[in-house]
Amino acid sequence: MTPIKILIVDDELELERLIKQRLRKQVQALEFELVFARNGKEALEKMQSDPGIEVVLTDINMPEMDGLTLLNKLFQNDRNITAVVVSAYDDMKNIRTAMHCGAFDFLTKPIDFEDLTITINRTLESARQMKKNINQVQEAQLQLIQNEKMAALGELVAGVAHEINNPIGFIAGNINLSTDAVNDLINHLRLYQTTFPEPGPLIEDAAAKIDLDYQLEDLPKMLSEMKRGAERIVNISNSLRTFSRSDTVNKVLANIREGLDSTLMILQHRLKANNNRPAIQIVKEYGQPVLVKCYLGQMNQVFMNIFSNAIDTLDEASQGRSYAEMKDAPNTITIVTEAKYDRGIFEIKIKDNGQGMSEEVKARIFDQLFTTKAVGKGTGLGLSISRQIVVDMHRGSLSCESVLGEGTEFTIAIPLQEELE
């Protein structure tokens with residue numbers, strides 16, 4: 001349990017002693033953490049050095065900087081602070097001014113400590129509700145921004161895929177026709193060579209200049225390579241269309257394998273070998289194919305976030321290891337899918353054999369804006385948004401198990417509504 005930090009601003013040492021005594025049980029129970037300041041100036045310094053302070057209890061009449069000036073400065077800098085003012089009973093003018101400045105409540109001196117406890121609890125409840133509301137608004141804003149980005153990306157990718165399909169269709173079709181035509185020409189030429197083994201010096205010189213035998217052997221190979229290249233572009237185009245699916249209004253029956261495979265295809269450039277490490281091995285342990293009712297475009301976003309993080313951690317784990325060591329013990333991402341009919345869920349496990357996480361990091365990985373990556377390399381939104389997609393949009397669960405030095409495994413479970421293919 002994390003205690004709520006309360007900053008108490010008053011120049012009377014006796015009041016500090018009394019508050020510590022009266023609230024000691026709450027402090028010992030880790031409900032409250034008390035921070036004290038003697039005046040408004042010192043309070044501002046404490047606020048700047050400790051961003052965890054959520055509630056301020058301040059006297060109005062103090063030396064150097066009074067409570068009203070403090071309130072004005074607090075609310076100029078941080079609208080999330082909840083403040084309570086303390087003053088003499090006959091000082092209602094200043095109390096009203098403080099309330100107009102944004103104070104949540106007030107107490108009068110001499111302080112009734114039972115009233116103090118009630119007021120603090122009410123203030124804390126208000127602070128928690130305010131924080132919850134702000135978090136919900138921020139989550140909604142982040143999700144809206146992310147959805148707009150994904151929608152724009154989806155339109156772009158789908159458009160590119162559509163534009164690629166037509167010319168690549170012409171190329172693939174013509175390669176097949178060209179291969180047949182070239183084979184016919186080669187066979188026809190071989191027949192000439194057999195029928196006229198002595199074509200004469202002019203033809204023999206021309207054949208030598210173009211290295212005819214090599215060309216006859218290599219030309220079919222070139223066409224075969226071109227065909228494989230065209231097929232790969234077709235696969236990439238199909239993967240782009242699968243990844244960028246815009247099924248955001250209604251769930252559709254989809255094969256989760258297609259989403260996983262399309263995401264891996266898009267990330268292929270990051271998986272292949274480079275100067276620092278061999279290729280990352282992908283181990284697929286797919287169960288029986290089923291159709292699951294889901295937003296596959298959104299699920300692809302979850303897969304992209306988890307795969308990208310796994311690749312990042314494997315790249316980090318590769319530092320300090322020799323190429324030979326990594327060849328013998330390769331970096332691996334293992335994907336396991338299974339329909340758990342007894343539990344009514346479809347489960348996807350994605351595991352890497354990277355460096356793993358500490359308990360402290362694992363406890364925060366789904367928090368918004370939390371990231372362990374260097375500045376400019378991570379936003380801290382990927383896993384937070386992934387959990388929203390799985391939990392809020394699919395009524396499923398997203399969990400993580402990690403052992404420092406051994407690796408990390410994410411488990412996605414969504415309700416199973418399937419039809420056998």
Side-chain angles (χ1 to χ4, degrees), residues 1-88 91 93-111 113 115-135 138 360 364 367-371 375 380:
M1 178 179 180
T2 303
I4 299 294
K5 285 189 179 181
I6 305 170
L7 174 61
I8 299 169
V9 191
D10 199 292
D11 58 333
E12 296 182 24
L13 292 176
E14 182 63 21
L15 182 62
E16 177 179 333
R17 186 187 68 79
L18 282 172
I19 290 176
K20 285 181 178 178
Q21 183 183 35
R22 294 301 183 96
L23 299 181
R24 68 183 185 280
K25 290 183 179 179
Q26 290 91 333
V27 172
Q28 290 171 353
L30 298 180
E31 295 177 17
F32 301 161
E33 181 180 338
L34 305 180
V35 181
F36 293 89
R38 298 284 173 265
N39 53 59
K41 183 179 178 182
E42 186 180 340
L44 288 177
E45 293 172 354
K46 293 278 178 81
M47 293 289 295
Q48 290 174 352
S49 63
D50 192 344
I53 294 171
E54 296 183 50
V55 176
V56 175
L57 180 70
T58 180
D59 193 8
I60 290 181
N61 299 307
M62 295 178 294
E64 292 195 64
M65 182 187 291
D66 61 36
L68 296 178
T69 305
L70 170 62
L71 286 177
N72 280 319
K73 290 185 176 294
L74 284 179
F75 290 121
Q76 285 173 8
N77 297 330
D78 191 344
R79 292 287 177 180
N80 299 335
I81 294 296
T82 307
V84 175
V85 294
V86 182
S87 190
D91 193 18
K93 180 179 179 182
N94 279 333
I95 289 175
R96 281 196 298 271
T97 302
M99 300 299 287
H100 291 156
C101 287
F104 173 75
D105 207 343
F106 70 93
L107 292 166
T108 58
K109 290 185 177 181
I111 291 178
F113 281 93
D115 187 27
L116 171 64
T117 303
I118 293 171
T119 301
I120 287 177
N121 286 330
R122 188 167 63 243
T123 304
L124 290 175
E125 182 61 32
S126 173
R128 288 173 182 146
Q129 188 60 47
M130 183 186 298
K131 188 174 183 180
K132 181 180 178 182
N133 292 342
I134 291 171
N135 286 340
Q138 289 176 338
E360 293 77 13
R364 298 192 60 194
D367 292 351
Q368 283 184 13
L369 305 179
F370 175 76
T371 180
V375 175

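We're numbering straight along the sequence, starting at 1. Just the heavy atoms: all of them, side chains too, but no hydrogens, waters or symmetry mates, feed the values below.
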- Message: Please find the pair of heavy atoms, one from Ala83 and one from Leu71, that lie closest to each other, and give the distance.
- Response: CB-CD2, 3.6 Å
- Can you name the residues that form a salt bridge (Lys or Arg N to Asp or Glu O under 4.0 Å) with Glu12, not counting sequence neighbours? Lys109
- Message: To the nearest 0.5 Å, what is the distance between CG on Leu18 and CG on Asp10?
- Response: 11.0 Å
- Separation between CZ of Arg22 and CZ of Arg24, rounded to the nearest 0.5 Å: 9.0 Å
- Query: Between NZ of Lys46 and CZ of Phe36, what distance do you get to the nearest 0.5 Å?
  - Reply: 9.5 Å
- Item | Which residues share a side-chain hydrogen bond (donor to acceptor under 3.5 Å, both in side chains) with Asp11, sequence neighbours left out | none
- What residues, two or more places apart in sequence or in another chain, satisfy side-chain hydrogen bond (donor to acceptor under 3.5 Å, both in side chains) together with Glu16? Lys20, Arg38
- Task: With sequence neighbours excluded, tell me which residues meet side-chain hydrogen bond (donor to acceptor under 3.5 Å, both in side chains) with Lys41.
- Result: none
- Task: Determine the minimum heavy-atom distance between Lys5 and Ile53, stating which atoms define it.
- Result: CB-CA, 3.8 Å
- Would you mind reporting whether Val9 and Asp59 have side-chain heavy atoms less than 4.5 Å apart? no
- Ion pair Glu360/Arg364, N-O distance below 4.0 Å: no
- Which heavy-atom pair separates Pro63 from Asn39 by the least distance, and what is that distance? O-CB, 3.2 Å
- Hey, what do you get for CD1 (Ile19) to CD1 (Ile6), rounding to the nearest 0.5 Å? 9.5 Å
- Between Thr69 and Asp66, do the side chains contain an N or O donor and an N or O acceptor separated by less than 3.5 Å? yes
- CG (Leu70) and CE (Met47) are apart, to the nearest 0.5 Å, by 8.0 Å
